[in-house]
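Small disclaimer: the values here were computed from a predicted structure and weren't measured.
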Amino acid sequence: MNTIEQLTQVFNDNFVTYFRSHAAHVNIVGRNFYSDHQLLQTIYEDLQDQIDHIGELLRSLDSYMPCNIYDVITDSHIPHDSIEGTSDELLSLVKDDLTHLKECYIELLMVSETDQLEEIANYAQDRILALAKHIWMLNSTLD
């Protein structure tokens, strides 16, 4: 897989993860509603910001951002099923999605280094750290 293909995969997985975390944010209930709601908002807003950024990175490589929503969803490695359940189940599902997305960025880091695209590798490193922080916060909340 080359950098453009992996960056497209990152776009697809990020988009679906964004949607699922936003749905969890809106639908979460329970005794810790406010703190869970705020945590999920921080996560989905971060992922939402990446949609434009990843699209622009693809354009900088003379490629196009995916523009068919069906393809984005079906080509994503993130589950397409409903994200529902208790607050702990929702937080756990979001954590699982973020863990997968982090692995996808690790693959982007490796392939972009091989392709000698340091700017993409640096972006991937930054995202790996940001996702690790979100995962840590979710783990701490769930403990």
Side-chain angles (χ1 to χ4, degrees), residues 1-28 32-143:
M1 187 171 284
N2 66 34
T3 298
I4 291 172
E5 293 167 334
Q6 186 60 33
L7 196 53
T8 300
Q9 188 63 57
V10 166
F11 179 91
N12 295 340
D13 290 354
N14 181 86
F15 193 92
V16 174
T17 302
Y18 152 72
F19 176 82
R20 287 169 53 90
S21 63
H22 200 154
H25 160 80
V26 172
N27 291 329
I28 202 157
N32 298 316
F33 164 78
Y34 186 76
S35 60
D36 292 347
H37 187 74
Q38 291 295 97
L39 175 57
L40 289 168
Q41 181 174 358
T42 299
I43 292 168
Y44 88 73
E45 286 177 347
D46 176 56
L47 296 171
Q48 184 181 40
D49 288 344
Q50 300 318 304
I51 294 168
D52 187 61
H53 197 81
I54 299 165
E56 290 172 353
L57 288 173
L58 283 164
R59 293 299 298 136
S60 76
L61 298 172
D62 289 329
S63 189
Y64 287 93
M65 182 184 99
C67 55
N68 181 314
I69 191 69
Y70 179 79
D71 291 342
V72 169
I73 294 167
T74 57
D75 292 345
S76 171
H77 296 141
I78 304 297
H80 312 138
D81 53 343
S82 294
I83 183 161
E84 53 191 9
T86 66
S87 59
D88 282 356
E89 290 168 336
L90 289 175
L91 294 174
S92 185
L93 288 169
V94 170
K95 181 185 71 131
D96 291 347
D97 292 351
L98 292 175
T99 300
H100 170 78
L101 185 58
K102 181 181 164 200
E103 292 300 318
C104 197
Y105 272 105
I106 290 169
E107 291 177 34
L108 177 62
L109 173 62
M110 291 187 294
V111 73
S112 61
E113 285 177 339
T114 299
D115 292 345
Q116 297 180 340
L117 293 167
E118 284 188 38
E119 66 281 8
I120 306 293
N122 290 339
Y123 169 73
Q125 286 177 331
D126 290 345
R127 293 307 305 152
I128 292 164
L129 288 171
L131 291 167
K133 184 175 179 180
H134 292 320
I135 293 164
W136 161 65
M137 289 182 172
L138 287 165
N139 279 331
S140 294
T141 301
L142 288 165
D143 280 348

Sequence neighbours excluded, the answer for side-chain hydrogen bond (donor to acceptor under 3.5 Å, both in side chains) partners of Gln50 is Tyr123
How many angstroms lie between atom [atom1] of [X] and atom [atom2] of [Y], to the nearest 0.5 angstrom?
X	Y	atom1	atom2	result
Asp115	Gln6	CG	CD	11.0 Å
Tyr44	Asp49	OH	CG	10.5 Å
Glu113	Glu118	CD	CD	8.5 Å
Lys102	Arg127	NZ	CZ	12.5 Å
Leu108	Asp13	CG	CG	11.5 Å
Tyr105	Ile120	OH	CD1	10.5 Å

Indicate every side-chain donor-acceptor pair of residues 53-62 with a distance under 3.5 Å to a residue at least two apart or in another chain.
{"residue": "Arg59", "atom": "NH1", "partner": "Ser63", "partner atom": "O", "Å": "2.8"}
{"residue": "Ser60", "atom": "OG", "partner": "Leu57", "partner atom": "O", "Å": "2.6"}

Starting from the C-alpha separation in whole Å, work towards a yes-or-no answer on side-chain contact (heavy atoms from CB on, under 4.5 Å) for Ser92 and Asp96.
CA-CA 6 Å; Ser92 185; Asp96 291 347; 4.3 Å; yes
Is there any ring-ring contact (aromatic ring centres under 6.0 Å, His included) pair reaching into residues 66-95, and which pairs are they, with sequence neighbours excluded?
His77-His100
Within the distance-only criterion (no hydrogens, no angle test), does the side chain of Asn14 pair as donor or acceptor with the backbone N or O of Val10 below 3.5 angstrom?
no
Is there a donor-acceptor pair closer than 3.5 Å between any side-chain N or O of Ser76 and the backbone N or O of Val72?
no
Can you tell me if CZ on Phe11 sees more than 12 non-hydrogen neighbours from other groups inside 6.0 Å?
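Enclosed.
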Please assess Ile69 against Phe15 for the test side-chain contact (heavy atoms from CB on, under 4.5 Å), listing each intermediate value before the final yes or no.
CA-CA 10 Å; Ile69 191 69; Phe15 193 92; 3.4 Å; yes
Between Leu98 and Leu47, is a side-chain contact (heavy atoms from CB on, under 4.5 Å) present by the stated rule, with each step listed?
CA-CA 10 Å; Leu98 292 175; Leu47 296 171; 4.0 Å; yes
Of the non-hydrogen atoms in [X] and [Y], which two are nearest, and what is the gap between them?
X	Y	value
Phe33	Ile28	CD1-O, 3.3 Å
Met1	Val111	O-CG2, 2.9 Å
Leu109	Ala121	CD1-O, 3.4 Å
Ala24	Val94	CB-CG2, 3.8 Å

For Leu129, give me all partners under side-chain contact (heavy atoms from CB on, under 4.5 Å), at least two apart in sequence or on another chain.
none
What side-chain donor-acceptor pairs closer than 3.5 Å can you find for residues 83-91, not counting sequence neighbours?
{"residue": "Thr86", "atom": "OG1", "partner": "Glu89", "partner atom": "N", "Å": "3.1"}
{"residue": "Thr86", "atom": "OG1", "partner": "Glu89", "partner atom": "OE1", "Å": "3.4"}
{"residue": "Glu89", "atom": "OE1", "partner": "Thr86", "partner atom": "N", "Å": "2.7"}

Side-chain donor/acceptor pairs under 3.5 Å, residues 132-143, sequence neighbours excluded:
{"residue": "His134", "atom": "NE2", "partner": "Asp46", "partner atom": "OD2", "Å": "3.0"}
{"residue": "Trp136", "atom": "NE1", "partner": "Ser140", "partner atom": "OG", "Å": "3.4"}
{"residue": "Asn139", "atom": "OD1", "partner": "Lys95", "partner atom": "NZ", "Å": "3.3"}
{"residue": "Asn139", "atom": "ND2", "partner": "Ile135", "partner atom": "O", "Å": "3.4"}
{"residue": "Ser140", "atom": "OG", "partner": "Trp136", "partner atom": "O", "Å": "3.1"}
{"residue": "Thr141", "atom": "OG1", "partner": "Met137", "partner atom": "O", "Å": "2.8"}

